[in-house]
Amino acid sequence: MPIVRPSRTPAAERSGEASSPLAGRLSNDASTEARLPEHPPIIDEAVLEVVRGYWGFDSLRPLQARAIEAGLKQQDSLLVLPTGGGKSLCYQVPPLIANRTDVVVSPLISLMNDQIAALEAVGYPAAALHGNLSAEERRGVVSRLRAGNLRLLFVAPERLQSPALLDLLERAGVKVFAIDEAHCISHWGHDFRPEYRRLSVLKDRFPGASLHAFTATATPRVREDIVRELRLVDPNVMVGRFDRQNLVYRVVPRVDPRRQVLEVLDRHQGEAVIIYCVSRKETERLCSYLVDRGRSAIHYHAGMEADERRAAQERFAREQVDIVVATVAFGMGIDRSNVRCVIHAAMPKSVEAYQQETGRAGRDGLEAECVLFYSPADTQKWEALARRSVEEAGASEEVLHSHLELLRHMRRFCESQTCRHELLSEHFGQSLDGDNCGACDVCLGEVEGLEEATETAQKILSCVARVEQRFGVGHVTDVLVGATTQNIQRLGHDRLSTHGLLAKVDRKSVMNLVYQMVDQGLLDRVGDDRPILRLNAASWEVMRGRREVLLRPPRSRKAVKRSRAESDSWEGVDQGLFDSLRDLRRRLAVERGVPPYVVFHDSTLREMARLQPTTVGELRLIKGIGDKKMADYGDAFLELIRASQN
Ligand code: ADP
Ligand code: ZN
């Protein structure tokens with residue numbers, strides 16, 4: 001496996017590319033490669049012509065150029081790029097240039113349909129063969145394939161078991177297979193699909209064909225599995241940068257989740273937001289809370305009927321609803337590229353899951369915000385769940401151990417006061433340049449320590465001692481805030497010296513502080529059924545004044561700052577015009593029965609609202625407008641822009 005070595009040199013200055021005549025055309029976008037190329041990719045003018053004509057992009061990202069080259073040379077390859085890195089272009093371009101039909105293996109029908117809609121919108125001949133087609137539709141696709149009129153044919157992996165289909169592909173002269181979401185082949189991925197395992201037959205059935213795998217999953221183990229299972233021969237393995245510079249990460253202590261969620265939503269009015277909850281029930285509850293407060297929200301989880309789920313996805317994709325409150329079941333197949341915010345109502349169970357879920361934000365490369373509401377109690381909840389599920393499944397200690405290890409990493413991410421981008425990159429074996437990312441709560445200076453944390457910790461600990469280490473978090477908190485519950489009165493705990501010691505702090509905040517201490521090992525929480533708080537050696541050190549404590553204030557008064565990406569991408573943009581352009585896009589999308597992002601991405605609209613082109617020539621300079629879209633939509637958008645200037 002290649003070792004990823006970050007470079008401090010900007011992409012254009014790196015070896016190889018600078019000497020290429022097209023070096024200037026290789027854009028230095030989000031997916032800037034981390035590995036040095038051995039030689040400049042042979043990308044000629046014909047490729048750029050196609051990219052401009054169909055998609056309206058004037059350059060390729062560095063790894064795109066290399067991946068397209070592999071597709072043209074028919075050298076087996078694996079491209080690992082984060083979501084939004086631009087993988088699809090890599091298998092879309094070669095068959096156009098080589099005038100052949102390539103096959104794309106894709107795990108979900110909804111994914112295929114989205115891709116085909118987007119391809120049709122740029123005038124690209126593509127179709128899919130899957131179980132949901134009528135006999136007539138199927139015949140139509142087959143005859144286009146036979147006539148050599150398709151550049152891409154999408155198929156589900158299980159279809160490739162069918163001898164009839166394999167014969168058909170052979171007769172159509174298919175020589176190249178692209179495997180999308182290739183991590184589905186690995187047990188170590190988060191989306192294992194047994195059907196993907198059978199793709200190993202491809203190399204037998206099509207001995208001369210090349211295979212090109214694509215994934216956003218970063219771990220070396222998954223990469224190794226992909227190469228082995230697909231039996232790639234001398235593959236060109238290309239690994240991009242995982243850091244998503246356009247995302248702002250924030251980890252916020254969870255005190256009053258509903259109010260806190262509303263606060264974040266206020267920053268994203270009229271924009272697409274995904275809120276992840278742990279349980280199905282929570283998604284429904286939070287969703288109806290939001291709807292009651294006038295937000296445009298729906299819920300989504302695996303317990304819903306298939307058509308209910310499909311309808312929910314479609315409403316979100318078509319911008320008929322802004323907010324989806326979902327479990328992790330809401331994921332793959334969500335192609336809406338302008339998700340501006342992903343909220344985690346609780347800590348996810350691994351950094352991998354977190355990266356995957358936040359990956360759905362800002363796929364169009366524009367700024368987006370990821371907020372995780374964290375309570376130290378989350379770790380304990382997940383731990384208990386892991387223990388139970390391992391026990392029920394009769395799995396080994398080892399399995400439990402690996403669950404706990406994943407949790408430990410995630411918890412460290414939440415509690416650390418180190419740059420979040422840096423931590424995420426390091427987790428995936430890459431390091432970041434520079435000191436301040438300007439795009440996380442730590443670097444933006446939003447994270448603060450609680451004043452007098454050690455004194456507060458001592459008060460909490462002495463209260464645990466006073467109630468003789470026989471009570472749980474709830475009761476200890478009640479005593480500290482000076483409550484007079486029945487229990488407290490009955491036990492005479494209102495007469496304790498620690499009763500009301502933290503009366504100035506609200507109950508939820510005190511509870512959060514207690515959990516922070518448990519999580520830092522400054523206090524034990526023992527017993528499965530009704531856990532109680534116990535002092536340990538560390539507690540005594542704190543109480544004796546031999547140990548300093550750091551706690552985060554549960555309710556931070558620090559204001560949220562604008563990230564660099566956010567200021568940059570709104571620079572010079574007329575927001576009112578941007579909103580009108582969005583409305584126009586929505587109307588056109590409804591007319592044509594496609595999701596709005598198929599008409600134009602937000603990044604294209606923002607550029608329009610910045611440059612405000614009034615002629616065809618000026619409009620053509622904007623990224624994301626190829627020949628067909630120019631012909632289909634150019635006039636309507638120009639008219640709106642001109643009208644806005646009068
Ligand atoms: P992935 O499949 O890796 O998640 P996509 O292929 O969906 O990524 O591309 C992500 C976004 O980047 C899309 O909005 C796409 O239009 C845009 N994009 C891809 N390649 C380029 C390029 N060379 N120049 C500008 N934008 C690009
Ligand atoms: Zn940072």
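Quick caveat: nothing in here was measured; it's all calculated off a predicted structure. Residue indices begin at 1 and follow the sequence shown. Whatever order the structure lists them in is the order used to number ligands and atoms, beginning at 1.
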Q. Short N/O distance, under 3.5 Å, between Gly86 and ligand 1?
A. yes
(Q) Are any of the N/O atoms on Gly84, whether in the backbone or the side chain, positioned under 3.5 angstrom from an N/O atom of ligand 1? (A) yes
Pair [X] + [Y]: basic N to acidic O under 4.0 Å:
| X | Y | answer |
| --- | --- | --- |
| Arg411 | Glu415 | yes |
| Arg585 | Asp602 | yes |
| Glu367 | Arg562 | no |
| Glu571 | Arg610 | no |
| Arg250 | Glu446 | yes |
| Asp632 | Lys628 | yes |
| Arg151 | Asp102 | no |

Q. To the nearest 0.5 Å, what is the distance between CZ (Arg582) and CG (Asn338)?
A. 6.0 Å
Q | Heavy atom of Gly365, distance to ligand 1 below 4.0 Å | A | no
Relative to the heavy atoms of [X], which atoms of ligand 1 are at a distance of less than 4.0 Å?
| X | value |
| --- | --- |
| Thr83 | 4 (O) |
| Leu89 | 20 (N) |
| Pro82 | 3 (O) |
| Ser59 | 22 (C), 23 (N), 24 (N) |
| His601 | 13 (C), 14 (O), 16 (O) |

Q: Compare Phe57, Tyr91, Phe600 and give the one whose heavy atom is closest to atom 22 (C) of ligand 1.
A: Phe57
Q. Which is closest to atom 3 (O) of ligand 1 in terms of heavy atoms, Lys623, Arg360, Arg363, Lys87?
A. Lys87
Q) side-chain contact (heavy atoms from CB on, under 4.5 Å) with Lys629: which of Trp55, Phe637, Phe600? A) Phe600
Q: May I ask you to list the protein N, O or S atoms found at less than 2.8 Å from the Zn ion (ligand 2)?
A: Cys419 SG, Cys437 SG, Cys440 SG, Cys443 SG
Q. Counting heavy atoms only, which part of Ser337 comes closer than 4.0 Å to ligand 1: side chain, backbone, both or neither?
A. neither
Q. Do you know which of Arg606, Lys623, Arg340 makes salt bridge (charged side-chain N to carboxylate O under 4.0 Å, His left out) with Asp364?
A. Arg340
**Q.** Main-chain N/O of Val447 paired with Asp441 side-chain donor or acceptor, under 3.5 Å
**A.** no
